[in-house]
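Take a look at the structure set out below.
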Amino acid sequence: MKPDVPAHVAPEDAAARRAVAPVICYPVEGLPPPDLAPYLAAREGWEQVAEVLVPAREARCFDVPAGHFFRITSVEGPQVGDLNLWNAQDLHERFYSGKTRALHGTHLSAGDRMWSNLPYLREMALITADTLDWYGFDAFGGGVHDVIGTRCDPYTHNLLSGGQYHHCCHSNLTRALAARTGLTAAEAELHVHDVLNVFMCTGFTRETGQYFMKASPVRPGDFIEFHASMDLLGALSACPGGDCSTVHSSDQAACYPLLVQVFRPQRAVPGWQVSPANGYDRSHGL
(Lines give C-alpha, C1' and ligand atoms only; values in the text may rest on other atoms or scores of the structure.)
Protein backbone atom coordinates (compact mmCIF):
# COMPACT_ATOMS: atom_id res chain seq x y z
CA MET A 1 0.00 0.00 0.00
CA LYS A 2 1.25 3.44 -0.88
CA PRO A 3 0.87 6.10 1.84
CA ASP A 4 -1.98 8.60 1.49
CA VAL A 5 -0.91 11.70 -0.36
CA PRO A 6 -2.88 14.81 -1.21
CA ALA A 7 -4.91 14.38 -4.40
CA HIS A 8 -4.36 16.93 -7.16
CA VAL A 9 -7.00 18.05 -9.59
CA ALA A 10 -6.18 17.06 -13.15
CA PRO A 11 -5.63 20.00 -15.51
CA GLU A 12 -8.06 20.64 -18.32
CA ASP A 13 -5.61 19.27 -20.88
CA ALA A 14 -4.85 16.07 -18.92
CA ALA A 15 -6.24 13.79 -21.63
CA ALA A 16 -4.20 15.54 -24.31
CA ARG A 17 -1.02 15.22 -22.29
CA ARG A 18 -1.60 11.49 -21.78
CA ALA A 19 -2.35 11.01 -25.47
CA VAL A 20 1.06 12.24 -26.64
CA ALA A 21 2.62 9.43 -28.70
CA PRO A 22 5.75 7.78 -27.27
CA VAL A 23 9.16 8.03 -28.93
CA ILE A 24 11.69 5.18 -28.78
CA CYS A 25 14.66 6.51 -26.80
CA TYR A 26 17.35 4.47 -28.50
CA PRO A 27 16.46 3.39 -32.05
CA VAL A 28 18.74 0.47 -32.80
CA GLU A 29 18.77 0.85 -36.58
CA GLY A 30 22.35 2.11 -36.24
CA LEU A 31 23.49 -1.26 -34.89
CA PRO A 32 24.44 -3.93 -37.43
CA PRO A 33 21.58 -6.43 -37.16
CA PRO A 34 22.81 -9.84 -36.06
CA ASP A 35 22.38 -12.60 -38.61
CA LEU A 36 22.00 -15.67 -36.41
CA ALA A 37 22.29 -18.19 -39.25
CA PRO A 38 26.13 -18.26 -39.29
CA TYR A 39 26.17 -18.62 -35.49
CA LEU A 40 23.75 -21.52 -35.58
CA ALA A 41 25.76 -23.13 -38.38
CA ALA A 42 28.96 -22.77 -36.36
CA ARG A 43 27.49 -25.07 -33.70
CA GLU A 44 27.76 -28.04 -36.05
CA GLY A 45 30.54 -30.27 -34.78
CA TRP A 46 31.31 -28.05 -31.82
CA GLU A 47 33.17 -29.53 -28.86
CA GLN A 48 32.17 -29.14 -25.24
CA VAL A 49 35.24 -27.90 -23.38
CA ALA A 50 33.83 -27.12 -19.93
CA GLU A 51 30.84 -27.83 -17.74
CA VAL A 52 29.78 -26.35 -14.42
CA LEU A 53 26.81 -27.56 -12.38
CA VAL A 54 25.57 -24.70 -10.22
CA PRO A 55 24.08 -26.15 -7.02
CA ALA A 56 20.66 -25.05 -5.82
CA ARG A 57 20.83 -21.82 -3.76
CA GLU A 58 24.50 -21.33 -4.67
CA ALA A 59 26.58 -19.70 -7.41
CA ARG A 60 29.58 -20.76 -9.45
CA CYS A 61 31.94 -19.00 -11.86
CA PHE A 62 32.86 -20.17 -15.34
CA ASP A 63 35.17 -19.03 -18.17
CA VAL A 64 34.23 -18.55 -21.82
CA PRO A 65 36.95 -17.69 -24.36
CA ALA A 66 36.05 -15.20 -27.09
CA GLY A 67 34.29 -16.88 -29.99
CA HIS A 68 33.03 -19.79 -27.87
CA PHE A 69 29.41 -20.52 -27.01
CA PHE A 70 27.88 -21.16 -23.62
CA ARG A 71 24.51 -22.53 -22.59
CA ILE A 72 22.54 -22.32 -19.37
CA THR A 73 20.17 -25.26 -19.06
CA SER A 74 17.44 -26.31 -16.65
CA VAL A 75 18.28 -29.87 -15.65
CA GLU A 76 16.06 -31.08 -12.79
CA GLY A 77 13.16 -28.69 -12.20
CA PRO A 78 11.93 -25.14 -12.80
CA GLN A 79 14.66 -22.81 -11.60
CA VAL A 80 15.69 -19.23 -12.33
CA GLY A 81 19.27 -17.95 -12.33
CA ASP A 82 21.04 -14.62 -11.90
CA LEU A 83 23.85 -14.07 -14.42
CA ASN A 84 26.84 -11.74 -14.12
CA LEU A 85 29.43 -11.28 -16.88
CA TRP A 86 32.85 -9.61 -16.73
CA ASN A 87 35.67 -9.01 -19.17
CA ALA A 88 37.98 -11.84 -18.10
CA GLN A 89 40.99 -9.50 -18.30
CA ASP A 90 39.40 -6.57 -16.45
CA LEU A 91 36.68 -6.94 -13.83
CA HIS A 92 35.92 -3.23 -14.12
CA GLU A 93 34.25 -3.98 -17.46
CA ARG A 94 31.02 -5.81 -16.74
CA PHE A 95 27.50 -6.35 -17.97
CA TYR A 96 25.39 -3.16 -18.07
CA SER A 97 21.79 -4.26 -17.60
CA GLY A 98 20.40 -0.72 -17.70
CA LYS A 99 21.77 0.14 -21.13
CA THR A 100 20.96 -3.34 -22.43
CA ARG A 101 17.38 -2.77 -21.28
CA ALA A 102 17.29 0.66 -22.94
CA LEU A 103 18.52 -0.78 -26.23
CA HIS A 104 16.66 -4.08 -26.41
CA GLY A 105 13.75 -3.87 -23.97
CA THR A 106 12.87 -5.29 -20.60
CA HIS A 107 13.31 -8.95 -21.57
CA LEU A 108 15.95 -10.53 -23.80
CA SER A 109 15.88 -13.39 -26.27
CA ALA A 110 17.70 -14.67 -29.36
CA GLY A 111 19.23 -11.86 -31.40
CA ASP A 112 19.67 -9.51 -28.44
CA ARG A 113 23.08 -8.47 -27.19
CA MET A 114 24.49 -8.01 -23.70
CA TRP A 115 26.42 -4.73 -23.44
CA SER A 116 29.20 -3.66 -21.08
CA ASN A 117 29.24 -0.65 -18.78
CA LEU A 118 30.64 2.81 -19.48
CA PRO A 119 33.22 3.83 -20.60
CA TYR A 120 33.49 0.56 -22.54
CA LEU A 121 29.94 0.07 -23.90
CA ARG A 122 30.56 -2.77 -26.32
CA GLU A 123 29.04 -6.14 -27.01
CA MET A 124 29.93 -8.78 -24.43
CA ALA A 125 27.72 -11.59 -25.69
CA LEU A 126 25.06 -12.30 -28.28
CA ILE A 127 22.08 -14.49 -27.41
CA THR A 128 21.98 -17.10 -30.18
CA ALA A 129 19.17 -19.41 -29.03
CA ASP A 130 16.36 -19.43 -26.47
CA THR A 131 13.93 -22.33 -26.08
CA LEU A 132 11.51 -20.03 -24.22
CA ASP A 133 11.21 -17.46 -27.00
CA TRP A 134 7.68 -18.80 -27.64
CA TYR A 135 6.48 -17.23 -24.38
CA GLY A 136 6.55 -13.62 -25.54
CA PHE A 137 4.48 -11.43 -23.21
CA ASP A 138 1.51 -12.88 -21.33
CA ALA A 139 -1.78 -11.24 -20.37
CA PHE A 140 -0.20 -9.82 -17.20
CA GLY A 141 2.65 -8.20 -19.15
CA GLY A 142 5.09 -10.83 -17.96
CA GLY A 143 8.04 -12.02 -20.04
CA VAL A 144 11.09 -14.25 -19.58
CA HIS A 145 14.80 -13.38 -19.09
CA ASP A 146 14.46 -9.88 -17.67
CA VAL A 147 16.93 -7.04 -17.24
CA ILE A 148 14.72 -5.07 -14.87
CA GLY A 149 15.26 -6.90 -11.57
CA THR A 150 18.51 -6.14 -9.81
CA ARG A 151 19.13 -9.51 -7.99
CA CYS A 152 17.91 -10.54 -4.56
CA ASP A 153 20.28 -9.21 -1.91
CA PRO A 154 20.73 -9.36 1.87
CA TYR A 155 20.55 -5.59 2.27
CA THR A 156 17.00 -5.32 0.92
CA HIS A 157 16.11 -8.44 2.92
CA ASN A 158 17.38 -6.74 6.07
CA LEU A 159 15.60 -3.51 5.21
CA LEU A 160 12.21 -5.13 4.68
CA SER A 161 12.34 -8.16 6.98
CA GLY A 162 15.29 -7.74 9.32
CA GLY A 163 17.81 -10.42 10.09
CA GLN A 164 20.87 -11.76 8.28
CA TYR A 165 20.26 -13.96 5.23
CA HIS A 166 23.30 -15.03 3.25
CA HIS A 167 21.89 -17.01 0.34
CA CYS A 168 20.48 -14.15 -1.68
CA CYS A 169 21.88 -14.08 -5.22
CA HIS A 170 24.04 -11.04 -4.43
CA SER A 171 25.82 -12.96 -1.67
CA ASN A 172 25.97 -16.13 -3.77
CA LEU A 173 27.68 -14.23 -6.61
CA THR A 174 30.02 -12.51 -4.14
CA ARG A 175 31.17 -15.83 -2.68
CA ALA A 176 31.62 -17.36 -6.13
CA LEU A 177 33.67 -14.44 -7.44
CA ALA A 178 35.80 -14.38 -4.27
CA ALA A 179 36.51 -18.10 -4.62
CA ARG A 180 37.39 -17.73 -8.32
CA THR A 181 39.65 -14.67 -8.01
CA GLY A 182 41.09 -14.81 -4.50
CA LEU A 183 39.54 -11.46 -3.65
CA THR A 184 38.06 -10.96 -0.21
CA ALA A 185 34.28 -10.95 0.05
CA ALA A 186 34.36 -7.18 0.59
CA GLU A 187 36.46 -6.70 -2.56
CA ALA A 188 34.50 -9.15 -4.69
CA GLU A 189 31.16 -7.63 -3.71
CA LEU A 190 32.09 -4.36 -5.40
CA HIS A 191 32.27 -6.17 -8.75
CA VAL A 192 28.88 -7.90 -8.44
CA HIS A 193 26.35 -6.08 -10.58
CA ASP A 194 22.79 -6.07 -11.87
CA VAL A 195 21.97 -9.27 -13.65
CA LEU A 196 20.25 -10.98 -16.51
CA ASN A 197 17.49 -12.89 -14.70
CA VAL A 198 17.72 -16.11 -16.67
CA PHE A 199 14.40 -18.02 -16.96
CA MET A 200 12.67 -15.59 -14.58
CA CYS A 201 9.15 -14.46 -15.56
CA THR A 202 8.54 -10.84 -14.58
CA GLY A 203 6.87 -7.58 -15.49
CA PHE A 204 5.33 -4.43 -14.05
CA THR A 205 1.80 -4.20 -12.69
CA ARG A 206 -0.42 -1.96 -14.76
CA GLU A 207 -2.09 -0.38 -11.72
CA THR A 208 0.92 0.51 -9.53
CA GLY A 209 3.94 -0.02 -11.78
CA GLN A 210 5.44 -2.47 -9.27
CA TYR A 211 7.89 -5.13 -10.33
CA PHE A 212 6.24 -8.57 -10.18
CA MET A 213 7.33 -12.15 -10.63
CA LYS A 214 5.37 -15.29 -11.39
CA ALA A 215 6.11 -18.98 -11.83
CA SER A 216 8.75 -19.46 -14.50
CA PRO A 217 7.66 -21.47 -17.55
CA VAL A 218 11.09 -23.14 -17.70
CA ARG A 219 11.21 -26.94 -17.68
CA PRO A 220 14.11 -29.42 -17.68
CA GLY A 221 15.81 -29.29 -21.06
CA ASP A 222 15.07 -25.62 -21.71
CA PHE A 223 18.14 -23.48 -22.34
CA ILE A 224 19.38 -20.05 -23.29
CA GLU A 225 22.56 -19.89 -25.37
CA PHE A 226 25.18 -17.18 -25.90
CA HIS A 227 28.18 -16.44 -28.14
CA ALA A 228 31.05 -14.73 -26.32
CA SER A 229 32.15 -11.48 -27.96
CA MET A 230 35.25 -11.26 -25.73
CA ASP A 231 36.98 -13.43 -23.15
CA LEU A 232 34.36 -13.70 -20.42
CA LEU A 233 34.29 -14.57 -16.76
CA GLY A 234 30.74 -15.48 -15.82
CA ALA A 235 28.98 -16.19 -12.56
CA LEU A 236 25.56 -17.78 -12.23
CA SER A 237 23.45 -18.06 -9.09
CA ALA A 238 20.68 -20.66 -8.84
CA CYS A 239 18.27 -18.33 -7.07
CA PRO A 240 16.97 -19.38 -3.63
CA GLY A 241 13.51 -18.43 -4.89
CA GLY A 242 13.42 -21.52 -7.12
CA ASP A 243 10.97 -20.76 -9.93
CA CYS A 244 9.97 -17.52 -8.13
CA SER A 245 6.31 -18.56 -8.02
CA THR A 246 5.81 -17.55 -4.38
CA VAL A 247 8.89 -15.98 -2.79
CA HIS A 248 11.94 -14.07 -3.95
CA SER A 249 14.36 -16.00 -1.74
CA SER A 250 13.86 -18.50 1.08
CA ASP A 251 15.03 -21.77 2.55
CA GLN A 252 11.64 -23.34 1.87
CA ALA A 253 11.25 -22.81 -1.89
CA ALA A 254 11.88 -25.84 -4.11
CA CYS A 255 15.23 -25.15 -5.78
CA TYR A 256 17.21 -27.01 -8.40
CA PRO A 257 20.69 -26.82 -9.97
CA LEU A 258 21.46 -25.15 -13.29
CA LEU A 259 23.95 -26.44 -15.85
CA VAL A 260 26.47 -24.24 -17.67
CA GLN A 261 28.22 -25.75 -20.71
CA VAL A 262 30.95 -24.12 -22.79
CA PHE A 263 31.45 -25.15 -26.42
CA ARG A 264 34.31 -24.50 -28.86
CA PRO A 265 33.20 -24.31 -32.51
CA GLN A 266 35.30 -26.04 -35.14
CA ARG A 267 35.70 -22.73 -36.92
CA ALA A 268 34.94 -19.12 -36.11
CA VAL A 269 31.73 -17.52 -37.30
CA PRO A 270 32.53 -15.98 -40.72
CA GLY A 271 33.29 -12.29 -40.35
CA TRP A 272 33.17 -12.42 -36.56
CA GLN A 273 35.76 -10.52 -34.53
CA VAL A 274 36.33 -9.73 -30.88
CA SER A 275 34.08 -6.85 -29.91
CA PRO A 276 36.03 -3.63 -30.62
CA ALA A 277 36.43 -0.82 -28.11
CA ASN A 278 33.75 1.87 -28.12
CA GLY A 279 34.62 4.72 -30.48
CA TYR A 280 33.92 7.63 -28.13
CA ASP A 281 37.15 9.60 -27.46
CA ARG A 282 36.35 10.24 -23.75
CA SER A 283 37.25 13.93 -24.01
CA HIS A 284 33.79 14.96 -22.69
CA GLY A 285 34.07 18.31 -24.43
CA LEU A 286 37.10 19.46 -22.46
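The residues of the chain are indexed from 1 along the displayed sequence.
Not counting sequence neighbours, S161 has no partner by the side-chain hydrogen bond (donor to acceptor under 3.5 Å, both in side chains) test. Remark: D138 engages K214 in a salt bridge (charged side-chain N to carboxylate O under 4.0 Å, His left out) (not counting sequence neighbours). For R264, the side-chain hydrogen bond (donor to acceptor under 3.5 Å, both in side chains) partners two or more places apart in sequence, or in a different chain, are E47. Taking N117 as the reference, nothing meets the side-chain hydrogen bond (donor to acceptor under 3.5 Å, both in side chains) condition, with sequence neighbours excluded. The ring-ring contact (aromatic ring centres under 6.0 Å, His included) test applied to F62 returns F70, not counting sequence neighbours. For H92, the ring-ring contact (aromatic ring centres under 6.0 Å, His included) test picks out H191, with sequence neighbours left out. Here R17 pairs with D13 under the salt bridge (charged side-chain N to carboxylate O under 4.0 Å, His left out) rule; sequence neighbours left out. Residues meeting the side-chain hydrogen bond (donor to acceptor under 3.5 Å, both in side chains) test with T202, sequence neighbours left out: H107, D146.
For S237 and N172, the side-chain atoms include at least one donor-acceptor pair closer than 3.5 Å. When only modelled atom types and interatomic distance are considered, H170 and E189 share a side-chain donor-acceptor pair under 3.5 Å. Residues E123 and S275 bring no donor and acceptor atom of their side chains to less than 3.5 Å of each other. The closest side-chain donor-acceptor pair between T205 and E207, if any, does not fall under 3.5 angstrom. In this model, no donor atom of one side chain and acceptor atom of the other lie less than 3.5 Å apart for S74 and Q79. Side chains of T150 and D194: no donor on one and acceptor on the other come within 3.5 Å. Using modelled atom types, one finds no donor on one side chain facing an acceptor on the other under 3.5 Å when comparing N197 with H145.
Distance check, rounded to the nearest 0.5 Å: CG of D153 to CG of L173 gives 11.0 Å. Here the CZ atom belonging to R175 is positioned 12.0 Å from the SG atom belonging to C61, to the nearest 0.5 angstrom. In this structure, CG in L85 is found 14.0 Å from CH2 in W115, a value given to the nearest 0.5 Å. Put simply, CG on L108 and CG on L126 are 11.0 Å apart, with the number rounded to the nearest 0.5 Å. Taken from CZ in R122 to CE in M124, the straight-line distance is 8.0 Å, to the nearest 0.5 Å. To the nearest 0.5 angstrom, N87 atom CG is 11.5 Å from S229 atom OG.
Put simply, V75 and V218 are part of two different groups of oily side chains (I, L, V, M, F, W, Y) that touch within less than 4.5 Å, one to the next. Residues V144 and L258 share a hydrophobic cluster, clusters being chains of Ile/Leu/Val/Met/Phe/Trp/Tyr side chains in contact below 4.5 Å.
Inter-residue side-chain proximity for C169 and P240 is flagged as met; some heavy-atom pair is nearer than 4.5 Å. Contact check for Y120 versus D90: side-chain heavy atoms found under the 4.5 Å cut-off. Taking the side chain as every heavy atom from C-beta outward, I224 and L132 never approach each other to under 4.5 Å.
In this structure, the side chain of E187 engages the main chain of T184 through a donor-acceptor pair within 3.5 Å. In this structure, the side chain of S216 does not engage the main chain of C201 through any donor-acceptor pair within 3.5 Å.
Within a 6.0 Å radius of CD1 in I24, other residues, nucleotides and ligands contribute 12 heavy atoms or fewer. Within 6.0 Å of the CZ atom in F212, the count of heavy atoms belonging to other residues, nucleotides or ligands exceeds 12. Enclosure of atom CD in Q89 by more than 12 non-hydrogen atoms of other residues, nucleotides or ligands within 6.0 angstrom is indicated.
Cluster partners of L286 are absent, since no Ile, Leu, Val, Met, Phe, Trp or Tyr has side-chain heavy atoms less than 4.5 Å from it.
Applying the salt bridge (charged side-chain N to carboxylate O under 4.0 Å, His left out) rule to pairs touching residues 217-232 yields R43-E225, R71-E225, sequence neighbours excluded. Applying the salt bridge (charged side-chain N to carboxylate O under 4.0 Å, His left out) test to pairs two or more places apart or on separate chains, none has a residue in residues 277-286. For residues 12-44, the pairs satisfying ring pair (Phe, Tyr, Trp, His ring centres under 6.0 Å) are Y39-H227, with sequence neighbours left out.
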Worked verdict on V52 versus L236 for side-chain contact (heavy atoms from CB on, under 4.5 Å): CA-CA 10 Å; V52 175; L236 180 68; over 6 Å; no
